[in-house]
Amino acid sequence: MSEPFLIGDCMTGGYGKGPDILHDCTIAVNPGEIAVIVGPNGAGKSTAMKATFGMLNVRSGSVRLDGEDITTLSPQDRVIKGMGFVPQTSNIFTSMTVEENLEMGAFIRTDDISDTMEQVYTLFPILRDKRNQPAGELSGGQRQQVAVGRALMTKPKVLMLDEPTAGVSPIVMDELFDRIIEVSRTGLPILMVEQNAKQALEIADKGYVLVQGRNAYTGTGQELLADPEVRKSFLGG
Amino acid sequence: MIVVEDLHKHFGGFHAVDGASLEIAKGSITGLIGPNGAGKTTLFNVIAGVLPPTSGRVTMDGEDITGLPPHELFHKGLLRTFQIAHEFSSMTCRENLMMVPGGQSGETLWNTWFGRKRIADEERALRAKADEVLEFLTISHIADLRAGEISGGQKKLLELGRTMMVDAKIVFLDEVGAGVNRTLLYTIADAIKRLNEERGYTFVVIEHDMEFIGRLCDPVICMAEGKKLAEGTLGEIKANEQVIEAYLGTGLKNKDKLEKA
Amino acid sequence: MTDTMKHSLLFAAVGLLIVMEGVTDWGFFSGSWNSSLVILNMGLISAIMALGVNLQWGFAGLFNVGIMGFTALGGLAVVLTATPPTPGAWSAGGAGVVMAMVMGALTVVSAVTVTKMMPKGRSRALVTIAILVVGFVIYRALFDPAIGAIEEINPAIEGNIGGLDWPVILSWPVGGLLAAGAAWLIGKTALGLRSDYLAIATLGIAEIIIAVLKNEDWLSRGVKNVVGLPRPLPFEVDLQNDPAFVDRAAGLGLDPVLASTLYVKLGYAILFAVVLLALLWMAQMALKSPWGRMMRAIRDNEVAAEAMGKDVTRRHLQIFVLGSAICGIAGAMMTTLDGQLTPGTYNPLRFTFLIWVMVIVGGSGNNFGSVLGGFLIWFLWIKVEPMSLELISLLTSGMAEDSFLRGHLMENAAHMRLFTMGLILLLVLRFSPRGLIPEK
Amino acid sequence: MDLLNALVALTNFVMIPAIAYGSQLALGALGVTLIYSILRFSNFAHGDTMAFGTMMTILVTWLFQSWGIGFGVLPTALLALPFGILATMALVLVTDRTVYRFYREQKAKPVVFVMVSLGVMFMMNGLVRFIIGPGDQRFSDGERFLIKARAFKKMTGLNEGLAIKTTQGITVVTAIVVVALLFWFLNKTRTGKSMRAYSDNEDLALLSGINPERVVMYTWLIVAALATIAGVLYGLDKSFKPFTYFQLLLPIFASAIVGGLGSPQGAIAGGFIIAFSEVTITYAWKKVLNYSLPESLAPDGLVQLLSTDYKFAVSFAILIVVLLFKPTGLFKGKAV
């Protein structure tokens, strides 16, 4: 099997000097794929994603992007390497307009950003209408679109989403997933953490079920949905 | 015991709690579940007096307790724990427990200077009680450690222990299981059960872990979008159509889009 | 080395500095016991102030930068308690002043009641403003003629209302009470606010208190100062005229003038030390009791302490009032020591921020630390000036005697003390952020 | 005619001084608010930063004067101002490197920064007194008045004169230009936007590749410029004295908080609110009332609500009222 595009390989570690939260945890994603991390509360889902993004100490194991070892890079350097990250909360600049949010997303770029912005507006048409409104005035779902749009502005090689549907209603959630699928179809690898396990696995090409910071089950989304063990313990029967 | 009537809590345009009405029966262990952002923690905070409600009413044993500050609710027997443990980190675990009971004579400055004897007697009794609680929770060995240095799970136990230092009527537990390993989680569950049976505490438990809920709670209330969605046993809740749609999920309408070219 | 030993050594070192000041005139020491005792006395007062601030900051995390105001109120207390009443002042304007004060209080109370009772809206704002305006007009109508009458009485040496003619020692607790009253008012309004807002509020109130002292001549004679305050100890001149005293001094081989000054200064030192020890004991007892445990819990985590039944607001108010009262007591002691009230000399750098340096350098959260900081920083505050003079004359020794730069540097060397205090504060914050004697 | 006189008196003694003072406060408060929103602490050393900038400007002014360089009708200090700004920029950058950066890396709590700024305040205060002394310095030269009272009377035939000092004119013009530049910078340039982004959401700014050290550096540079300009304008208008500048801290903080800490618009509004209240409440209204009221109602006293020495009480009272009724300030500020 060839090396995946982005892989957090056998990661063990925790925040600061605290106890280890992850134990030998592996997650990976390839172009065109949506990889989803699910699991019960406190299982280390977000932690695994943050480890991949360099926000905590990985004591053993490594993170590789496109074959390059990036284990020791800071999150900022990883952004420059092409990783786009959308945090779960406070993921937009509330006092700035939608357009300024997108501009800030492209802060590290020195080339012309108008094409990318056009693409984002095409993907999220509602943002075009609200481009001059402060992002803080938008609804929950629209904010998430701004957040994803901001991350896309860096022209990332991989997009990471931390619980993009947290706190939005089911309908909005479906719409967001819809957009995520569209983004994925442009060939961009997407790695996301999801609370709403069932829906997320539906759209996942690859699913990771974590328990206690370890890989408990791994497979395609459909496989996991069909797995009676997984159904029993995480999906409510 | 606790009756919540048409409670609203708005943050700007966001309706975190949007007309919630529910009742907590005396002596029950009620589970409160619902998706992230359903308003469970906000509801907790409004009942516990941390946030003032936008409108609505909360009563306890028929007495209106809406908007009372937390320290007054404490003296009425309404206690709570926190989603992220709120230990007193620079104090030892024993001190964390000993500070809890109200009306200690040593809390009056005058007595600290001129009532040393009385304080010493009270302290002895408090210390014994704290040690008893630590034993009950099977964490006697950490009594003299600073609370900031113990593990997350132990902090949760310590929080539960604080509620045992007084005769509480009702205890609200906010995600007591988050970040706690399974063995410790069962210890917590056992402690809750025993407190409920032996001391007659009423509990309200927010949890995501269905197994934990199933082990402890009856009835279970499911919240979504700031309202009560359903109430019943865990089995009933799991079978409830609305709950499946809002929390457990039905599936994606746009599945066809997955078919890739 | 145990902590206790280390801390005792630190105290001994500061003690040694003060003794050296009396013994030797080597380097920046002056070799004068007088100067040594002056430093000791102000050191004792500074230690008390630091104790008060530590109570607020170290125990409860309250950021009070209005210490100057409370100190000044203590000073006012000495005038109001210990000076004899000005003849005719009360009959001339006493009633008017009292009535004006009552009117002022009534105005504020009714304005507050109205804001509480009426529903929010334009009419509430209008009614409140109307009450305040009418109240203010009546207040001024009563107040202005009354103080005019008082200030007309023998303005060259009196012109103020005078005091109660009580023993001056009593003015110390009265100073504490005055400061406590002011602190209660501020605490009631500003304690719920964020820490830096409280800081600005206290900074403001201190400026206002000073402005009152400077302007209300009927109260404190303003910038004309109140001099010749009564004192708890005999005057040096009287001692020198007392044959028994002169004999005893001669027996010790001392010149009567020197002996009398030392006697008085030592007397003050003993009085102040008694107050300091009493307050220190009280603070220690409180800290080590359930009360102290509760305060630590509140400082660690206000939300949880509140949820565990502790009335955080009330406790904050209590400790804010207590800490300020201690500053008031210290302020009264200082004015007693000076024998005069000089409203024009109160400066926040010296009376507020210097105390903060003491607390932080000494070790916030530790009573002994604050006391040590009080002595040490006060010693440096006095001695940095001669130190920097020495330093500058050393550095500029190569320059011509009449060089402009040298003259300028020598002339301004005194200002190095602020610079040095800042430097000490920054160094401690950087390399020993918990202070010399850290909290346990 | 009397009403016109009243109006002129009002303009002369209340409006013009308040507008000038308000502009100075607003510039000072902008500096405080910028530090607060980017570095997230209340900078107690701001008054002394202003004093340092003004002192440097004064020194350069004296140098120019000794060389015989003047600025015609305008004060020479305006020529010296850029040098004062540069010196202040150097000072604050050095301070940031040697002092504040350490705590930033430690992610220290805001209150620790406040303590540290107290230390910086002491040092700057000592430095200024050491270099220029604690005394009063007047350094305004050039033409004193734009409009002289006597000329105005002659021109209009009114009893009341209207005088506008050159320094007041300069203050207002400079303040408008500086504020316009600042807002243009914050809203239109890439660096300005990155500063707003950083102030809004530090973590997300990092994720967007914004370099925090650069943002902090630009903030200090702007603050140094604002502080120096505010200080020099105040000094030209009144006079320079280190202690007065330290005391300006209170009205400046009051302005920033009343407007809403962290909001530039708020800082400006707050500055004018504080200035106008201070001037109107401490102004003796006798003259204006004498003109505008019928003879029978003319007041006996000065009709001064509070003596000028209570001007701090005014800032303070407004501050307390705003904090009690609208704790985030008039324009929504931010909380750390």
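So you know, we letter chains A, B, ... as the sequences are listed, proteins then strands, and number each from 1.
In this structure, A:Pro87 and D:Leu204 have side chains that are in contact, with non-hydrogen atoms separated by less than 4.5 Å.
Summarising the local packing, CZ of D:Arg97 is surrounded by 12 or fewer heavy atoms from other residues, nucleotides or ligands at distances under 6.0 Å. The neighbour count for D:Arg190 CZ, taken as heavy atoms of other residues, nucleotides or ligands under 6.0 Å away, is above 12. Environment of OH in D:Tyr218: sparse, with no more than 12 heavy atoms of neighbouring residues, nucleotides or ligands closer than 6.0 Å.
D:Ile210 and A:Met104 make their closest contact through CD1-SD, 3.8 Å (heavy atoms, listed as atom of the first residue, atom of the second, distance). Nearest heavy atoms, D:Asp200 versus A:Thr94: OD2-N, 2.9 Å. Closest approach of D:Asn201 and A:Ile92 over heavy atoms only: ND2-O, 3.4 Å.
Between the CG atom of A:Asn91 and the CG atom of D:Asp203 there is a distance of 11.5 Å, given to the nearest 0.5 Å. Here the CG-CD distance, from D:Asn211 to A:Gln76, works out to 8.5 Å after rounding to the nearest 0.5 Å. Annotation: the span from A:Met96 atom CE to D:Asn187 atom CG amounts to 8.5 Å, rounded to 0.5 Å.
The candidate from A:Glu103, A:Met153, A:Arg109 with the greatest count of non-hydrogen atom pairs under 4.5 Å with chain D is A:Glu103. Ranking A:Phe85, A:Phe53, A:Phe107 against chain D, the residue ahead of the rest is A:Phe107, based on heavy-atom pairs under 4.5 Å. The greatest number of non-hydrogen atom pairs below 4.5 Å with chain A, out of D:Ala205, D:Gly209, D:Ser194, D:Ala197, is found for D:Ala197.
Checking A:Arg150 against D:Ser208 by side-chain atom types alone, a donor-acceptor pair falls below 3.5 Å.
The parts of A:Ser90 that come within reach of chain D are both its backbone and its side chain, each placing non-hydrogen atoms under 4.5 angstrom from that chain.
Not counting sequence neighbours, the partners of A:Tyr121 by the side-chain hydrogen bond (donor to acceptor under 3.5 Å, both in side chains) test are A:Glu99.
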